[in-house]
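This report refers to the structure that appears directly beneath it.
Labels below follow one simple rule: chain letters A, B, ... track the order of the sequence lines, proteins then strands, and each chain is numbered from 1.
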Number of protein chains: 2
Amino acid sequence: MEKVTIATVAVRAGVSRQTVSNVINTPEVVRPETRERVREAIASLGYRVNQAARQMRTGRSKLLAVRIEPARDGINGSVLDRFLHGLTDAATVAGYRVMLYTASGDDGEIATYEELLTEYDLDGFVLTSTHHGDPRTSWLAERDVPFVTFGRPWGAPDTHSWVDVDNAAGTAAATRHLLATGHTRIGFLGWPAGSGVGDARREGWASTMAEAGLPTEDVVAVDGVDSGASAAERLTNATAVVCASDSLALGAMRALPGRAIVGFDDTAVARAVGLTSVSQPLAEAAGRCMDLLAELLDGRAPTTPTHLLLPPSLVVRRTA
Amino acid sequence: MEKVTIATVAVRAGVSRQTVSNVINTPEVVRPETRERVREAIASLGYRVNQAARQMRTGRSKLLAVRIEPARDGINGSVLDRFLHGLTDAATVAGYRVMLYTASGDDGEIATYEELLTEYDLDGFVLTSTHHGDPRTSWLAERDVPFVTFGRPWGAPDTHSWVDVDNAAGTAAATRHLLATGHTRIGFLGWPAGSGVGDARREGWASTMAEAGLPTEDVVAVDGVDSGASAAERLTNATAVVCASDSLALGAMRALPGRAIVGFDDTAVARAVGLTSVSQPLAEAAGRCMDLLAELLDGRAPTTPTHLLLPPSLVVRRTA
DNA sequence: CGGCATCATTGGATCGTTCAAGTTGCCGGA
DNA sequence: TCCGGCAACTTGAACGATCCAATGATGCCG
């Protein structure tokens with residue numbers, strides 16, 4: 001198979017290179033008749049744009065980057081997996097490709113940004129695992145690099161677009177479900193205060209209980225099954241427990257057999273053991289991230305950043 | 001920050017562009033003294049190769065692609081996750097970047113190959129989930145596209161390099177462990193015959209039992225916790241069960257409480273519930289895939305393809 | 001000291017695309 | 001009739017690297 005360039009197409013269609021380029025990039029400036037002829041030539045030759053050449057001229061690579069993290073606590077690892085899949089799908093539709101990178105620590109990640117930007121002319125980034133005092137967003141913002149975060153900027157000023165899952169709404173839904181099932185003594189098993197996500201998950205449960213005028217009882221544990229189990233044992237009065245993660249929920253199931261338990265993240269573990277859990281709409285979140293990033297990349301972004309809070313859904317199984 | 005090109009570096013070092021290029025690509029042809037001067041200029045200017053320009057001239061992109069699959073049965077989803085992380089790491093060290101793509105079906109995947117090859121000049125592919133009658137490998141081989149598979153070519157001729165985990169060795173190790181613990185009636189809970197991976201896992205158990213001169217008893221179920229549980233109930237004599245996956249093992253745990261159970265894949269679920277399981281060396285497998293691919297890409301590959309079978313390890317927990 | 005091989009270095013051409021600045025042809029108004 | 005204005009298309013240059021052929025410098029031998 002010969003190499004098919006824009007020049008090949010031009011000859012076949014009997015026009016100049018630039019006209020072919022116009023048909024591809026700004027079809028409206030070409031007469032419909034010519035446009036159609038060029039399109040036929042493109043199709044019959046199986047022509048495809050050479051991204052490297054385009055990139056050299058325009059400085060845009062049609063590439064996005066996402067960090068792939070080591071499966072940390074493992075049990076929640078598949079969350080990123082599903083997000084990545086959704087993002088790759090959405091990016092393809094929008095004409096972009098997703099590149100992976102790893103990095104240890106925020107500084108290492110910033111060094112990687114620099115490398116990817118100068119070597120590959122990356123068009124944009126999707127950041128995950130935002131946290132308090134995150135230096136990555138300001139670094140990117142200072143250099144006018146388009147980016148979107150999955151996870152809101154905890155503590156930092158809200159100057160960029162982000163997509164997040166409404167964690168509080170998730171635990172609120174779980175709590176309402178338990179209330180509707182007749183429970184009144186609903187406890188909470190959460191993470192130590194300070195993490196944005198964990199605090200929001202507690203808040204959803206607490207406010208729903210307050211609205212119902214019921215007393216609350218909660219305990220705290222670092223994430224993990226064993227630690228969750230020993231903390232759950234201290235929830236003596238509760239007949240039902242809302243948990244900040246599936247790992248904790250698994251611990252609670254072991255420590256308090258027979259009680260109603262709800263987890264968070266709807267991981268594979270939850271499906272496997274029949275744990276009722278709050279499910280994040282990861283494919284949708286990924287799609288929205290791509291939408292927002294595409295707006296930024298096309299320069300048609302609104303002047304004020306967009307913030308999207310997606311509602312999670314409760315997947316009811318055997319444990320509640 | 002100004003744009004730093006090879007010309008900027010050349011001026012700073014007082015040499016020509018080509019000499020700078022030689023320092024980068026074939027340092028041995030440059031006199032040590034000059035080489036050092038150029039290297040200093042590169043460092044002080046923070047110069048980095050523009051991959052697009054290089055690619056246009058050389059036709060090589062320094063990009064690899066891997067398919068990211070939808071989390072199928074979910075419980076085993078994080079296997080790909082960990083593999084991807086390892087591959088991204090190894091690729092970075094070797095000077096490559098990993099690009100993701102999704103595709104539905106083998107034909108869709110082949111169409112994507114074509115697109116990635118012509119648009120982005122991809123250098124190579126890493127294939128996962130090889131299966132009987134896989135058309136992807138022959139498509140790539142016909143076009144001389146470098147690729148490596150993670151998973152051996154079941155049934156197909158062994159004409160390309162691959163890396164795989166020795167599934168039989170995994171179940172053999174599990175069986176030996178159970179024998180050493182005093183069990184003699186060890187059953188097997190597997191998938192229906194026909195899948196290469198599943199058959200290998202059965203074989204490891206069967207041959208170890210045969211060596212020990214013990215009778216065997218096994219049942220079959222499609223992958224899944226519930227299906228595993230109902231199949232496991234038919235294993236009436238066994239005091240211990242080796243399973244083809246963690247999902248099946250979870251079913252067995254439910255159906256046969258108190259018996260010794262070993263799963264396969266060491267997924268998050270296994271860690272969470274304390275299930276003894278066979279762990280695949282995914283980071284190493286990814287690294288080896290990258291090594292083999294790098295050989296192909298550098299043209300220093302041996303004439304006969306390399307095949308690597310990596311031994312898995314048994315992670316002993318509460319269930320055995 | 002000339003001749004010649006060897007090595008280090010140079011300058012121009014090139015990859016495929018898009019940008020910027022043309023050229024052509026047609027229409028309408030003065 | 002002439003000319004401005006516009007739409008449709010063409011042409012030459014440029015992006016930043018590497019390849020190739022040619023040049024300059026160096027050392028060795030007779």
Side-chain angles (χ1 to χ4, degrees), chain A residues 1-39 41-42 45-63 95 115 117-123 298-299, chain B residues 1-39 41-42 45-63 95 115 117-123:
Chain A
M1 195 167 7
E2 312 286 308
K3 210 182 317 175
V4 179
T5 76
I6 216 169
T8 325
V9 177
V11 171
R12 166 73 71 101
V15 296
S16 70
R17 294 181 324 247
Q18 183 59 36
T19 301
V20 177
S21 174
N22 284 336
V23 169
I24 297 167
N25 300 299
T26 48
E28 67 278 7
V29 308
V30 180
R31 189 155 25 113
E33 184 189 313
T34 316
R35 196 192 302 156
E36 210 37 54
R37 197 152 35 93
V38 172
R39 289 213 166 117
I42 289 178
L45 291 166
Y47 168 76
R48 283 203 173 90
V49 180
N50 179 324
Q51 293 290 352
R54 164 181 285 179
Q55 171 182 344
M56 180 144 58
R57 193 74 251 259
T58 63
R60 305 190 59 188
S61 60
K62 293 281 178 180
L63 289 176
E115 198 173 315
L117 287 169
T118 51
E119 282 194 14
Y120 287 92
D121 269 313
L122 249 83
D123 287 350
D298 297 352
Chain B
M1 196 169 3
E2 311 285 309
K3 211 180 321 174
V4 178
T5 76
I6 212 168
T8 325
V9 177
V11 172
R12 166 73 72 102
V15 296
S16 71
R17 298 183 321 255
Q18 181 60 33
T19 301
V20 178
S21 174
N22 284 337
V23 169
I24 298 167
N25 300 299
T26 47
E28 67 278 7
V29 306
V30 180
R31 193 163 13 121
E33 183 190 314
T34 316
R35 194 192 305 157
E36 210 38 55
R37 196 150 36 92
V38 172
R39 288 215 166 113
I42 289 178
L45 291 167
Y47 167 77
R48 283 203 172 89
V49 181
N50 179 324
Q51 294 290 348
R54 166 181 283 178
Q55 172 181 346
M56 182 147 53
R57 194 74 251 262
T58 63
R60 306 190 59 187
S61 61
K62 294 280 177 182
L63 288 176
E115 198 173 314
L117 287 169
T118 52
E119 283 194 14
Y120 287 91
D121 268 314
L122 250 83
D123 286 350

Legend entry - 5′-ward residue of the pair Ala53(B)/Arg35(B) relative to DNA chain C: Arg35(B)
How close or far is atom [atom2] of [N] from atom [atom1] of [X], stated in whole angstroms?
{"X": "Asn50(A)", "N": "dC15(D)", "atom1": "CG", "atom2": "C1'", "result": "13 Å"}
{"X": "Gln55(A)", "N": "dT17(C)", "atom1": "CD", "atom2": "P", "result": "13 Å"}
{"X": "Arg31(A)", "N": "dC6(D)", "atom1": "CZ", "atom2": "P", "result": "19 Å"}
{"X": "Asn25(A)", "N": "dA20(C)", "atom1": "CG", "atom2": "P", "result": "14 Å"}
{"X": "Glu28(A)", "N": "dC9(D)", "atom1": "CD", "atom2": "P", "result": "13 Å"}
{"X": "Leu45(A)", "N": "dG16(C)", "atom1": "CG", "atom2": "C1'", "result": "15 Å"}
{"X": "Lys3(A)", "N": "dT14(C)", "atom1": "NZ", "atom2": "P", "result": "13 Å"}
{"X": "Asn22(B)", "N": "dT18(D)", "atom1": "CG", "atom2": "P", "result": "9 Å"}

Inset, instruction - Keeping the roles fixed (side chain from Ser61(A), backbone from Leu63(A)), state whether a donor-acceptor pair exists under 3.5 Å. - result: yes
Inset, instruction - Answer yes or no: is there a donor N or O on one side and an acceptor on the other, between the side chain of Thr118(A) and the main chain of Arg48(B), under 3.5 Å? - result: no
Inset, instruction - Indicate whether OP1 or OP2 belonging to dG16(D) is found under 4.0 Å from a side-chain N or O atom of Thr5(B). - result: no
Legend entry - Phosphate OP1/OP2 of dA17(D) contacted by Ser21(B) side-chain N/O (<4.0 Å): no
Legend entry - Criterion side-chain contact (heavy atoms from CB on, under 4.5 Å) against Arg17(A), the qualifying member of Ile6(A), Val9(A), Thr5(A): Ile6(A)
Legend entry - Side-chain touch Pro27(A)/Arg39(A), heavy atoms, less than 4.5 angstrom: yes
Inset, instruction - Side-chain contact test, heavy atoms from C-beta onward, threshold under 4.5 Å: evaluate it for Asn22(B) versus Val30(B) and give yes or no. - result: yes
Considering only side-chain heavy atoms of [X], which listed nucleotide, [options], is closest?
{"X": "Val15(A)", "options": "dT10(D), dT9(C), dT17(C)", "result": "dT10(D)"}
{"X": "Thr34(A)", "options": "dC9(D), dT17(C), dT18(D)", "result": "dC9(D)"}
{"X": "Arg17(A)", "options": "dT10(C), dG11(C), dA13(D)", "result": "dA13(D)"}

Inset, instruction - Quick one: label Thr19(A) by what it contacts on the DNA or RNA (base, sugar-phosphate, nothing), any heavy atom closer than 4.0 Å. - result: base
Inset, instruction - Remember a base hit wins even if backbone is also touched, and classify Thr58(A) as base, sugar-phosphate or nothing at under 4.0 Å, heavy atoms. - result: sugar-phosphate
Inset, instruction - Determine whether any donor atom in the side chain of Gln18(A) lies under 3.5 Å from an acceptor atom in the base of dC19(C), or the reverse, and answer yes or no. - result: yes
Inset, instruction - Could you check Arg57(A) against Tyr47(B) and say which one's nearest nucleotide on DNA chain D is further toward the 5' end? - result: Arg57(A)
